[in-house]
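Read through the structure below, which is laid out as structure tokens, and then see the notes.
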Amino acid sequence: MKKVVLMAAFSLGTMTAFAQEEETAVESVATEVMEEQEAFAEIALEALPEAITTALEAAHPGATISKAYVNEAAQYKLEVAKEDGEAVELYADAEGNWIEM
């Protein structure tokens, strides 16, 4: 009986250790994503590539860009006011392709 209790305690301890490692890995990935998103630097609207403004006009007619940001990977973050007044953040690459962030 002692062996059964001892094995149960070992098993529980091992599972707890693995669960803690997994949580740490998830937190690490979340921190990396947040740091990547924070790496955007504000730029003048005139500095936006024409492909992005053209893509915005096609995808969201009547929308206006209030602020624009760029990161080291040449990804652009746009703060946009849609025609209906809704404010959204959109992300695009330099060629005007929309990306998920």
Side-chain angles (χ1 to χ4, degrees):
M1 185 69 174
K2 288 182 184 178
K3 290 181 182 179
V4 172
V5 172
L6 184 58
M7 290 304 291
F10 258 163
S11 298
L12 183 60
T14 303
M15 288 187 296
T16 303
F18 286 124
Q20 289 174 349
E21 288 177 15
E22 185 175 319
E23 287 176 8
T24 303
V26 169
E27 289 173 2
S28 175
V29 170
T31 302
E32 289 176 16
V33 169
M34 287 177 56
E35 288 175 356
E36 184 177 308
Q37 289 184 351
E38 291 175 2
F40 283 92
E42 188 170 0
I43 60 170
L45 298 180
E46 297 80 27
L48 277 174
E50 187 176 331
I52 292 176
T53 55
T54 302
L56 181 66
E57 290 171 7
H60 304 280
T64 57
I65 302 170
S66 56
K67 290 186 179 181
Y69 305 86
V70 67
N71 65 11
E72 291 179 3
Q75 297 169 327
Y76 293 83
K77 173 178 143 181
L78 309 172
E79 291 182 6
V80 176
K82 289 184 161 184
E83 191 172 35
D84 63 2
E86 179 185 5
V88 295
E89 283 187 356
L90 301 173
Y91 297 88
D93 62 17
E95 289 79 39
N97 300 309
W98 301 111
I99 54 177
E100 295 288 325
M101 299 282 285

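Applying the side-chain hydrogen bond (donor to acceptor under 3.5 Å, both in side chains) criterion to Glu79, with sequence neighbours excluded, gives Tyr69.
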For residues 54-63, please give each side-chain donor-acceptor pair under 3.5 Å, one per line with the distance, not counting sequence neighbours.
unit_1 : atom_1 : unit_2 : atom_2 : d
Thr54  : OG1    : Glu50  : O      : 2.9

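Shown here is Glu86, whose CD atom has more than 12 heavy atoms of other residues, nucleotides or ligands within 6.0 Å. Within a 6.0 Å sphere centred on CD of Glu42, other residues, nucleotides and ligands contribute more than 12 heavy atoms.
At least one side-chain heavy atom of Glu89 sits less than 4.5 Å from a side-chain heavy atom of Lys77.
The two residues Ala68 and Leu78 come nearest to each other via the heavy atoms CB-CD2, 4.0 Å. The minimum heavy-atom distance between Gln75 and Phe40, with the atom names listed, is O-CE2, 3.2 Å. What you find for Lys67 and Ile65 is that their closest heavy atoms are O-CG2, 3.4 Å. Nearest approach of Pro49 to Ala94, heavy atoms of both residues: CB-O, 3.7 Å.
Both Val80 and Ile52 are part of a single hydrophobic cluster, where members link through side-chain heavy atoms under 4.5 Å apart. The same ILVMFWY cluster, assembled from side-chain heavy atoms under 4.5 Å apart, contains both Leu45 and Val70. Cluster membership for Leu48 and Ile99, using ILVMFWY side-chain heavy atoms within less than 4.5 angstrom, is not shared.
The OH atom of Tyr76 sits 13.0 Å away from the CG atom of Asn97 when rounded to the nearest 0.5 Å.
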Q: For Asp93 and Trp98, run side-chain contact (heavy atoms from CB on, under 4.5 Å): C-alpha distance rounded to whole Å, both residues' side-chain angles, the deciding distance at 0.1 Å, then the answer.
A: CA-CA 7 Å; Asp93 62 17; Trp98 301 111; over 6 Å; no

